[in-house]
Amino acid sequence: MIKEIPAHKLNTRQFIKEQVAAISTAVGDGTAINALSGGVDSSAVTMLGHRALGQRLRTVFIDNGIMREGEPARIVALFRRLGVTVEVIDARDEFFAALKGIEDPEQKREAITQTFYRKVFGRIVRRSGAKYLLQGTILTDVDETVAGIKRQHNVFAQLGIDPQKTFGYHILEPLIHLRKVGVRKVGRALGLPAELFARMPFPGPALAARVIGAVTPERVAIVRQATAVMERRLKSSGAFQYLAILHQDRVTGIRGGQREFGHQIEIRCWDSIDARTATPTILPFSTLTKLADEITRVVPGVVSVTYNITRKPPSTIEAI
Ligand code: XMP
């Protein structure tokens with residue numbers, strides 16, 4: 001059983017010192033590798049690894065093509081300001097090839113997970129020759145893996161690595177005693193900007209979790225633009241999470257006097273503490289109509305915007 005360090009008992013300075021020392025000791029004069037997604041956990045791990053190893057940590061950002069607008073460049077720039085070099089791996093084609101023809105939500109998730117671990121990141125790790133992999137696993141991930149909710153935790157198996165054959169290969173999980181609140185505190189103490197340590201939740205399957213039906217570059221582009229409008233306009237709303245979803249069905253709209261059989265976007269905005277339950281935020285109607293006006297104006301082909309008014313459960317926060 002892994003011991004929890006509750007956020008209220010966490011001494012961030014001491015925690016950082018201990019984890020940096022532990023990484024230094026474990027890796028010695030070897031090299032390590034980690035994948036940065038731009039989320040809170042992988043960002044904190046990147047900083048800990050960087051403090052411990054400097055240039056001997058190789059940090060890769062895998063561009064899977066289903067990220068939010070401008071994300072790879074933004075994350076690279078943010079880390080450059082912190083003195084950390086991040087290498088972007090363009091794997092967009094591989095992810096879209098894996099998603100081709102899949103409409104079932106679970107199959108989509110599986111295709112993304114397998115492409116990430118077995119193909120793209122697995123290949124990078126094997127070729128890197130690094131003996132240490134830094135991973136941003138937190139205690140909640142372990143709990144959810146044990147409970148069968150998540151499958152992320154067993155990285156060895158997911159990388160297609162046989163620990164026996166790869167004797168000497170180690171996974172370091174410096175955040176494993178923490179939950180999200182603790183990670184945010186550590187991230188802040190490590191000098192991450194608020195836009196990283198206080199980032200709202202975003203799903204592992206990224207924008208593919210918000211595309212109902214086929215996940216193609218064109219359909220992801222639609223949801224990406226609508227997401228950008230949501231994130232810009234609701235930044236100061238205080239809501240827990242907000243997002244846009246592209247529906248599979250189309251509806252007739254009218255634009256410039258012409259009937260247009262166009263796309264439907266559903267928007268969601270949630271109040272929640274821990275994402276386990278959530279209620280739709282009571283946004284002012286004027287905010288909702290402004291969102292609809294902007295989304296239909298800037299996102300090509302969208303003729304309908306609806307607001308989800310269902311609680312979780314039975315809804316979920318994401319769409320797939
Ligand atoms: P749902 O949609 O299940 O989401 O109500 C609950 C919270 O978890 C996020 N989410 C994920 N996070 N990997 C993650 O790390 C995933 O596969 C994943 N799916 C959903 C979601 O954004 C929400 O905050």
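What you see below is based on every heavy atom in this structure, not just the backbone, and it leaves out hydrogens, waters and symmetry mates. Everything numeric here is computed off the predicted structure, so don't read it as measured data. Just so you know, ligand 1 is whichever comes first in the structure, and atom 1 is the first atom listed for that ligand.
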CG (Asp104) with more than 12 external heavy atoms under 6.0 Å: yes
Close N or O approach (Phe240, ligand 1; < 3.5 Å): no
Those atoms of ligand 1 less than 4.0 Å from some heavy atom in Pro201: 24 (O)
Salt-bridge present (Glu318, Arg109; N to O < 4.0 Å): no
Test item, Pro205 contacting ligand 1 (heavy atom, 4.0 angstrom): yes
Sub-4.0 Å heavy-atom contact, Arg109 with ligand 1: yes
Atoms of ligand 1, numbered as shown, that sit under 4.0 Å from any heavy atom of Lys312: 1 (P), 3 (O), 5 (O), 6 (C)
Ligand 1 atoms in contact with Gln241 (distance to a heavy atom under 4.0 Å): 21 (C), 22 (O), 23 (C), 24 (O)
Partner set under salt bridge (Lys or Arg N to Asp or Glu O under 4.0 Å) for Glu195, not counting sequence neighbours: Arg74
Ile171 with Tyr117, same ILVMFWY side-chain cluster at under 4.5 Å: yes
Arg268: salt bridge (Lys or Arg N to Asp or Glu O under 4.0 Å) partners, not counting sequence neighbours: Glu266
Element-labelled atoms of ligand 1 that are located less than 4.0 Å from some non-hydrogen atom of Pro203: 10 (N), 11 (C), 12 (N), 18 (C), 19 (N), 20 (C), 22 (O)
Within 6.0 angstrom of Arg92 CZ, more than 12 heavy atoms from elsewhere: no
